[in-house]
Amino acid sequence: MLKVLVTTWPLLLGVMLLMVGNGMQGSLLGIRGTAGGFSTYEISFVMSAYFLGFLLGSRMAPEMIRRVGHVRVFAALGSLISAVLVLYPVVPDWLSWSIMRAVIGFCFAGVYVTAESWLNNTATNETRGQAMSLYMIVQMIGIITSQALLNIPDPSGFVLFILPSVLVSLAFMPILLAATPAPVFDTIRPLPFRRLLRISPLGCAGMLLTGGIFAAMFGMAAVWGAMVGLSVKQITIFVAALYLGGLVFQYPIGWLSDRIDRRKLILGLSVAGAVAMLLTFALPLPFAVQVGSAVVLGGVINPLYSLLIAYTNDYLTKEDMAAASAGMIFLNGLGAIGGPVVTGWMMAQVGPGGFFLLMGLLFGALAAYAGWRMTRRPAAPAGGSFAPIVPSASVMAVDAVRDRAA
């Protein structure tokens with residue numbers, strides 16, 4: 001592991017700085033939008049716009065890279081991210097913010113594709129699994145760190161918009177100066193969705209539902225905190241707990257999933273998520289218990305994403321796995337676009353607790369469907385193909401981690 005860190009640290013450092021900048025602006029917009037008088041529904045559109053841009057960027061980035069190269073795409077998208085980040089406080093309008101969030105999402109998708117393909121190319125067959133595991137850990141650490149930085153200056157000023165812009169700009173230095181040749185990027189076309197649905201109905205439905213849950217969690221957690229009157233420090237603790245849960249539970253659940261029927265774990269995790277979210281919605285819990293619910297939420301949704309990809313791969317040939325990953329990520333992105341909007345509508349109808357209610361209902365729907373699917377066909381043979389993957393990873397990272405796990 002140390003050898004891998006020595007050879008890949010410039011890329012990993014750059015990715016961590018990128019995640020710090022991205023994590024800061026997501027929470028900050030929720031806090032500032034609520035304080036600025038945006039309605040919950042308006043803020044939900046702002047948050048959904050990121051995932052719309054991310055989905056478009058994921059589809060278009062490979063073609064951009066092939067046409068002008070990694071370095072130019074990386075530099076252009078990075079410059080655009082830095083510029084947009086400092087424009088937020090200049091134009092405090094929810095529609096303008098939505099457009100800017102879509103641009104940010106598009107750019108980050110392209111940046112992730114570039115960074116992940118570069119990291120994949122840097123590693124050897126023997127070290128690729130360790131390198132991609134470090135990449136996933138670094139992403140989580142970056143987002144957790146970003147929440148701590150939100151407590152430094154006053155969130156009502158300009159400093160917190162300038163800081164992520166600076167961090168994103170600095171992130172490109174170690175990546176672009178790394179002594180690694182730019183890799184050749186091959187397009188991965190998804191399987192026809194009709195065929196993918198026949199292969200794994202549970203995988204497709206699960207990716208759509210978990211996309212909505214992850215986007216609601218990522219986009220609306222800070223909005224919920226601001227609506228219930230939490231301080232900035234409390235909001236950042238709550239958001240950090242979401243990602244801490246994913247960091248802690250990803251590997252133990254992955255180890256277990258390679259030894260039992262994955263559907264039992266999908267069912268169990270979904271039930272745990274539904275119970276935790278519905279109890280948090282229904283009961284007046286103290287803040288410490290709500291933080292515990294955040295750990296459970298993060299500890300369920302991140303492994304579920306990886307589980308669904310691994311479960312679908314159990315029914316695929318090796319030749320189809322990369323294409324299936326592209327299709328699964330696209331379905332997850334579709335769910336992510338609608339997640340914040342539906343959450344915002346739910347919060348407008350039933351109050352801030354709608355944040356937990358919607359996620360509880362989505363987890364419940366996934367649990368019910370997983371239970372029904374278990375009656376429709378026998379379990380696939382247990383195998384060691386689980387790979388810890390964050391929901392923001394591109395097809396390049398998913399394919400690399402999955403190949404190494406297999």
Side-chain angles (χ1 to χ4, degrees), residues 22-54 88-89 91-102 104-105 147 150 155-156 160-161 209-242 273 276-285 287 290-291 293-294 297-298 301 334-365:
N22 195 17
M24 283 187 70
Q25 61 108 14
S27 296
L28 180 59
L29 290 182
I31 297 170
R32 283 290 290 269
T34 303
F38 294 1
S39 71
T40 306
Y41 207 48
E42 289 170 343
I43 298 176
S44 69
F45 272 102
V46 173
M47 298 305 170
S48 288
Y50 175 88
F51 298 99
L52 175 61
F54 194 93
Y88 280 123
V91 192
D93 171 72
W94 75 270
L95 186 57
S96 300
W97 279 18
S98 297
I99 295 171
M100 288 189 279
R101 278 280 284 178
I104 289 280
Q147 303 309 303
L150 284 171
S156 62
L160 283 180
F161 288 100
L209 291 169
T210 55
I213 296 169
F214 178 78
M217 178 188 84
F218 183 77
M220 300 298 287
V223 179
W224 165 80
M227 289 181 67
V228 298
L230 298 182
S231 67
V232 173
K233 181 178 180 180
Q234 288 175 317
I235 292 173
T236 56
I237 290 173
F238 182 85
V239 175
L242 294 169
M277 294 302 98
L278 293 175
L279 285 177
T280 308
F281 163 72
L283 301 176
L285 302 175
F287 177 68
Q290 291 173 335
V291 171
S293 295
L297 174 57
I301 192 61
L334 287 180
I337 293 170
V341 174
V342 179
T343 305
W345 176 83
M346 187 75 78
M347 292 169 76
Q349 300 303 311
V350 302
F355 172 69
F356 296 104
L357 176 60
L358 177 69
M359 289 188 291
L361 293 175
L362 292 177
F363 275 126

Open item on the list: Could you tell me if the side chain of F161 sits less than 4.5 Å from the side chain of L29, heavy atoms only?
Closed with: yes
- [ ] For residues I337 and V341, report the shortest heavy-atom separation together with the two atoms involved.
- [x] O-CG2, 4.1 Å
- [ ] Check Q25 against I104 and note the closest heavy-atom contact, atom names and distance.
- [x] NE2-CG2, 3.6 Å
Task: Residue pair M277 / F281, side-chain heavy-atom distance below 4.5 Å - done: no
Open item on the list: Are the side chains of Y88 and L28 in contact, using a 4.5 Å heavy-atom criterion?
Closed with: no
Task: Closest non-hydrogen atom pair, G339 against L358 - done: O-CD2, 4.1 Å
TODO: Can you measure from CZ (F45) to OG1 (T40) and round to the nearest 0.5 angstrom?
DONE: 12.5 Å
Open item on the list: Quick check for you: to the nearest 0.5 Å, what is the distance between D93 atom CG and E42 atom CD?
Closed with: 8.5 Å
Open item on the list: Taking the side chain as everything from C-beta on, heavy atoms only, tell me whether L242 gets closer than 4.5 Å to I301.
Closed with: no
Task: Note, L361 side chain near M346 side chain (heavy atom, < 4.5 Å) - done: yes
Open item on the list: Does any part of the side chain of R101, heavy atoms only, come nearer than 4.5 Å to the side chain of W94, both counted from C-beta?
Closed with: no
Task: M220 CE to M47 CE distance, which is reported to the nearest 0.5 Å - done: 7.0 Å
- [ ] Work out which heavy atom in M347 is nearest to a heavy atom in F355; give both atom names and the distance.
- [x] CG-N, 3.5 Å
TODO: Provide the closest heavy-atom pair for G212 versus L362 in the form atom of the first, atom of the second, distance.
DONE: C-CD1, 4.2 Å
Open item on the list: Using only atom types and a distance under 3.5 Å, with no angle test, would you say the side chain of W224 pairs donor to acceptor with the backbone of I235?
Closed with: no
Task: Between CG on residue L285 and CD on residue Q290, distance to nearest 0.5 Å - done: 6.0 Å
- [ ] Evaluate the ring planes of F218 and F51, with Trp represented by its six-membered ring, and classify them as parallel (under 30°), tilted (30 to 60°) or perpendicular (over 60°).
- [x] perpendicular
Task: Q147 to G23 - nearest heavy-atom pair and separation - done: NE2-O, 3.4 Å
Open item on the list: In the structure I gave you, are the side-chain heavy atoms of M24 and L150 within less than 4.5 Å of one another anywhere?
Closed with: yes
Task: Rounded distance [0.5 Å steps], OG1 in T280 versus CG in L357 - done: 11.5 Å
Task: Check: G338 main-chain N/O paired with S48 side-chain donor or acceptor under 3.5 Å - done: no
Task: Approximate separation, where rounding is to 0.5 Å, of I31 CD1 and L230 CG - done: 9.5 Å
Task: Side-chain (S44) to main-chain (Y41) donor-acceptor, under 3.5 angstrom - done: yes
